[in-house]
Protein chains: 2
Amino acid sequence: MLKLTRKLEYALIALRHIQGQATEKIVSTKEIAETHRIPLQLLAKTLQQLAKHNIIEAIQGAHGGYRLKKSLDNINMNALIQILEGPIGIMDCSADSNCVQLDICNIRKPINRVNEAIVSMFDNLTLADITRH
Amino acid sequence: MLKLTRKLEYALIALRHIQGQATEKIVSTKEIAETHRIPLQLLAKTLQQLAKHNIIEAIQGAHGGYRLKKSLDNINMNALIQILEGPIGIMDCSADSNCVQLDICNIRKPINRVNEAIVSMFDNLTLADITRH
DNA sequence: ATTAAATACGACTAAAATAATCGGATATGC
DNA sequence: GCATATCCGATTATTTTAGTCGTATTTAAT
Ligand code: SF4
Ligand code: SF4
């Protein structure tokens, strides 16, 4: 309950790892996976998602890997979560959510406010805040 | 990811329902379950947990049910979560967590700060805040 | 050219967490 | 005594998350 996913953790670990290297160094998935004992394939797919969304840049072929494409100051946690997991929703109140309680629910509004508070918290947290400290 | 559980939702819905009744009225699980289309057995067990922790008072036997035992102003969301789901942890960093990354993890501290921020948010949110609006 | 090392990606399987149900016990008002 | 409730452990079902597999493609080095 209220847990982050491993995928998200792996992404943060990887971003911090990449940031710790020389700016132009190309870091391979393997290097990150071995350093931090992350399952290689899972990390690979995660990094591919980040590359597709222009957070990191992929260099293919032998001696390929990734390097940062944006400054981590300019990306917030909410954006990262959005990329990897979709929008934050502490519960599922959308129209197509087929929640049987939907139209008779007596806690929907306050719960939505809580959700917004969490979203806003992650909005105000840059990846640099996390990868720097 | 970052979702509340149904059990917790059901508890909130039930507490709000009970609060909406006359102060001394005894409300049965069945009444709440039918009004809000919540699975009876699951709600029953949830309310039992709340009763055990003195948030509501159980009246057994025919015409039994529950009524509030504490003012909802004096209970915060964090306490409710603690009762129903245990401590909030957006990830599992305890000593016995057998996370293989534990001793080489480069995001542990910042993640713990995020966790504390969430806990503190739920600490400052009373059940009355949720059941009233 | 061939090989080795890397990303790219869809499909699949495994594991864990959550949600719901079942079966019975106990209590109590009428 | 019976109907209606709470109580509660055990089990099953469902959903979500985590991880793996197989294969294709790219590219540097030889
Ligand atoms: S808050 Fe109410 S409507 Fe929204 S998902 Fe929970 S029960 Fe359904
Ligand atoms: S933050 Fe690091 S140590 Fe904590 S659970 Fe996640 S990976 Fe493991």
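A, B, ... follow the sequence lines: proteins, then strands. Residue 1 opens every chain.
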Comparing A:Y66 and B:L4 on DNA chain C - which has the more 5′ nearest nucleotide: A:Y66
d(CG, A:D92; C1', D:dT15) in whole Å: 12 Å
B:S97 side chain vs B:D92 backbone, donor-acceptor pair below 3.5 Å: yes
Pairs involving residues 31-79 of chain A, ordered by first then second residue, that meet ring pair (Phe, Tyr, Trp, His ring centres under 6.0 Å) (sequence neighbours left out): A:H17-A:H36
Heavy-atom side-chain proximity of B:T35 to A:I104 below 4.5 angstrom: no
Between D:dT15 (P) and B:M1 (CE): distance, integer Å: 21 Å
Rounded distance (Å) that lies between atom P of C:dA17 and atom CG of A:L2: 15 Å
Atom-to-atom span, CD of B:Q48 to P of D:dA10 - whole angstrom: 15 Å
Atom-to-atom span, CD of A:E31 to P of C:dA6 - whole angstrom: 10 Å
Protein proximity profile, nucleotides 20-30 of chain C - base contact B, sugar-phosphate-only contact S, no contact -, cut-off 4.0 Å on heavy atoms: SBB----BBS-
Of A:G64 and A:K52, the one whose closest DNA chain C nucleotide lies more 5': A:G64
Nearest-angstrom distance from the residue atom CG of B:N98 to P of C:dA16: 9 Å
Where at least one partner belongs to residues 75-126 of chain B, residue pairs that pass ring pair (Phe, Tyr, Trp, His ring centres under 6.0 Å), sequence neighbours excluded: none
Per B:T29 side chain, nearest of listed nucleotides D:dT6, D:dA18, C:dT7: D:dT6
Side-chain donor or acceptor of B:R67 paired with backbone N/O of B:I26 under 3.5 Å: no
d(CD, B:Q49; P, C:dT18) in whole Å: 13 Å
Side-chain donor or acceptor of B:N124 paired with backbone N/O of B:S120 under 3.5 Å: yes
Donor-acceptor contact below 3.5 Å, side chain B:Q21 vs main chain B:V27: no
Separation of atom NZ in B:K7 from atom C1' in D:dT14, rounded to whole Å: 16 Å
